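What you see is a predicted model; the values in this text were computed from it and never measured.
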Amino acid sequence: MTGGHDATLVTGTFDIASPDDQARVLRLADSLIAGGRTPEELEEDARSGDVSIDLALAHKLARSRQEVLDLDWSGRLAIVFAMWGEQRRLRPRDAHNPTGEDALNTKLDQLDWLFADTDVDWSVLPVDDGDPDDSATVAAERAALHPSGGRVTVLRLGDAIPADAGPLATLDHVDDSRKGGAIVLGAANALDGGADAIVMTDADNSVHLGQVGLLLRPFVGGDAGAVIGDRKHPDSVLVKAEARWGPGIVVLRHMQRMVGRALFDRGLRDTQAAFKLYGRPALESIIAAPSTFGFAFDSDWLYAAVNTGAPIERVPFAFIDSFEESASLAQGPMTTWESLLRGLVAAARARGADHDEEMAHVVDEFGDAATLERVVTQVPAELEGVADVALGQRSTMTPAALRDWLVPLTAT
């Protein structure tokens with residue numbers, strides 16, 4: 001490893017809920033920056049061999065900070081995330097709250113570090129998505145304890161609907177939103193406040209927001225209308241609990257990619273990564289007529305961004321999964337996948353995107369959560385051992401063949 005980080009800073013593991021680890025990884029990043037490496041050299045350093053997770057993250061952070069300093073941008077940036085069942089992750093971890101992450105205040109620490117001594121006008125918009133446990137109140141309480149808490153505006157989706165007009169006019173109740181309604185509300189609020197761009201992330205600490213400079217470079221320094229964090233990029237750092245799904249997840253991904261080919265064929269394969277930047281023109285197009293407020297809102301937004309004609313860039317980043325409090329666990333993994341698949345179909349149709357309509361009809365017929373619970377436990381012969389790149393290809397398994405496999409599997 002080149003670049004000469006300070007040898008007195010011990011490297012090793014990284015716990016996203018540990019304040020000590022959060023502070024230490026920023027010191028590691030500062031040490032790398034002090035070594036005088038360029039952003040490109042820092043990326044090359046990270047490719048040079050196996051490194052510990054904290055040092056790999058520190059390289060992303062150092063590059064991000066260098067990009068922000070080099071860009072010398074003075075625009076307005078809003079960080080938006082949805083909250084549902086986040087009351088524990090918003091509070092610090094202790095004996096009574098073992099899954100705590102102090103998530104909001106950790107984000108503020110990260111953004112303070114990233115934008116220190118710059119003219120970037122940043123804000124944070126946490127949006128309660130109708131959480132019965134009232135994450136909004138907890139978020140407001142936590143923000144009030146932080147020196148940068150004045151940059152936080154906590155919103156409630158329930159306060160904005162029903163609406164007679166605007167992007168939420170077709171959303172009748174908070175229970176009809178699965179994250180998408182909250183993010184639309186946050187984006188609309190950010191635009192009303194004069195934001196030049198928003199960064200969409202998650203409520204937990206999976207994505208270190210010190211990496212936002214990686215998104216800003218193609219937007220401010222290039223012509224990208226949207227910039228997408230890609231966990232599947234070979235230069236990304238990914239720690240993810242993939243074991244949450246059964247073996248039949250390949251069936252769902254095959255369906256997803258065939259319906260969503262307008263995105264996947266562009267290389268936008270990591271549609272659900274909660275690390276995306278959208279510029280104002282793309283946002284205005286997106287929220288003019290949202291097609292879904294479910295978990296597939298990411299795909300709806302990407303379809304709308306594609307339709308603007310502006311380039312969409314992909315960037316590698318570090319993602320360390322926060323699994324124990326995942327909404328997909330509370331709401332049911334296949335409930336999440338039902339929302340993803342059916343929302344993807346609705347978005348493709350509404351946005352006029354190229355898609356496999358025959359597979360869309362398969363989703364219409366078999367895409368309910370109860371059916372998917374059966375599907376995810378088994379794999380058809382055509383998809384056994386198939387390479388990831390072959391999923392979504394008709395030559396791998398046609399919609400008709402998949403339907404023939406599904407009919408007896410789902411018969412009662």
Determine the minimum heavy-atom distance between Arg349 and Ala360, stating which atoms define it. NH2-CB, 3.6 Å

What pair of heavy atoms forms the shortest contact from Val154 to Met83, and how long is it? CG1-CE, 4.3 Å

Quick one: does Ser74's side chain get under 4.5 Å of Val120's, heavy atoms only? no

Here the pair of heavy atoms bringing Thr308 nearest to Ala305 is OG1-O, 2.6 Å

Looking only at the side chains, is there a donor atom on one of Asp20 and Ser18 sitting less than 3.5 Å from an acceptor on the other? no

As a test of understanding, state which of Leu57, Val199, Leu114 forms a side-chain contact (heavy atoms from CB on, under 4.5 Å) with Gln211. Leu57

Heavy-atom donor-acceptor pair, Glu313 side chain to Ile228 backbone, under 3.5 Å: no

Do Val124 and Leu111 have side chains that approach each other closer than 4.5 Å (heavy atoms only, starting at C-beta)? yes

Which atom of Ala273 lies closest to which atom of Asp298, heavy atoms considered: O-OD1, 4.4 Å

Taken to the nearest 0.5 Å, the spacing of Leu302 CG from Tyr278 OH works out to 4.0 Å

Taking side chain to side chain contact (heavy atoms under 4.5 Å, CB included) as the test, write out the residues that go with Thr38, two or more places apart. Glu40, Glu41

How far does CG of Asn307 sit from CD1 of Ile286, to the nearest 0.5 angstrom? 10.0 Å

Counterpart residues, ring-ring contact (aromatic ring centres under 6.0 Å, His included), relative to Phe293 (two or more places apart): none

Heavy-atom pair of closest approach, residues Thr410 and Phe366: OG1-CE2, 3.6 Å

Report yes or no: is the cationic atom of Arg178 (NZ for Lys, CZ for Arg) under 6.0 Å from the centre of the six-membered ring of Phe295, at an angle within 45° of the ring normal? no

Polar contact flag, side-chain donor to acceptor under 3.5 angstrom, Asp300-Thr292: no

Asp230 backbone acceptor or donor facing Asp270 side chain under 3.5 Å: no

Using a 3.5 Å distance criterion without hydrogens, assess whether the side chain of Lys232 forms a donor-acceptor pair with backbone atoms of Leu268. no

Verify salt bridge (charged side-chain N to carboxylate O under 4.0 Å, His left out) between Glu86 and Arg142, making sure each step is shown before the conclusion. CA-CA 12 Å; Glu86 301 295 348; Arg142 298 304 301 167; over 6 Å; no

Any ion pair linking Asp15 and Arg93 (charged N to carboxylate O, less than 4.0 Å)? yes

Flag, side chain of Asn205 to backbone of Glu101, donor-acceptor distance under 3.5 Å: yes

Using atom types as modelled and distance alone, determine if a side-chain donor or acceptor of Arg65 lies under 3.5 Å from a backbone N or O of Ile33. no

Gln87 side chain to Asp133 main-chain N or O, any donor-acceptor pair under 3.5 Å? no

Going by distance alone, is a donor N or O of one side chain under 3.5 Å from an acceptor N or O of the other, for Arg257 and Thr396? no

When you compare the side chains of Asp30 and Trp113, does any donor N or O come within less than 3.5 Å of an acceptor on the partner? yes

Check the side chains of Thr106 and Asp109 for a donor-acceptor pair under 3.5 angstrom, ignoring hydrogens and angles. no

Inspect the contact between Asp204 and Arg89 and indicate whether a charged nitrogen and a carboxylate oxygen are less than 4.0 angstrom apart. yes

Parallel, tilted or perpendicular, judged at 30° and 60°: which one describes the rings of Phe275 and Phe317? tilted

For Ala143 and Leu104, the nearest pair of non-hydrogen atoms, with its separation, is CB-CD2, 3.9 Å

Side chains of His361 and Glu357: is there a donor and an acceptor less than 3.5 Å apart? yes

Indicate yes or no: does Asp102 engage Lys107 in a salt bridge with an N to O separation below 4.0 Å. no

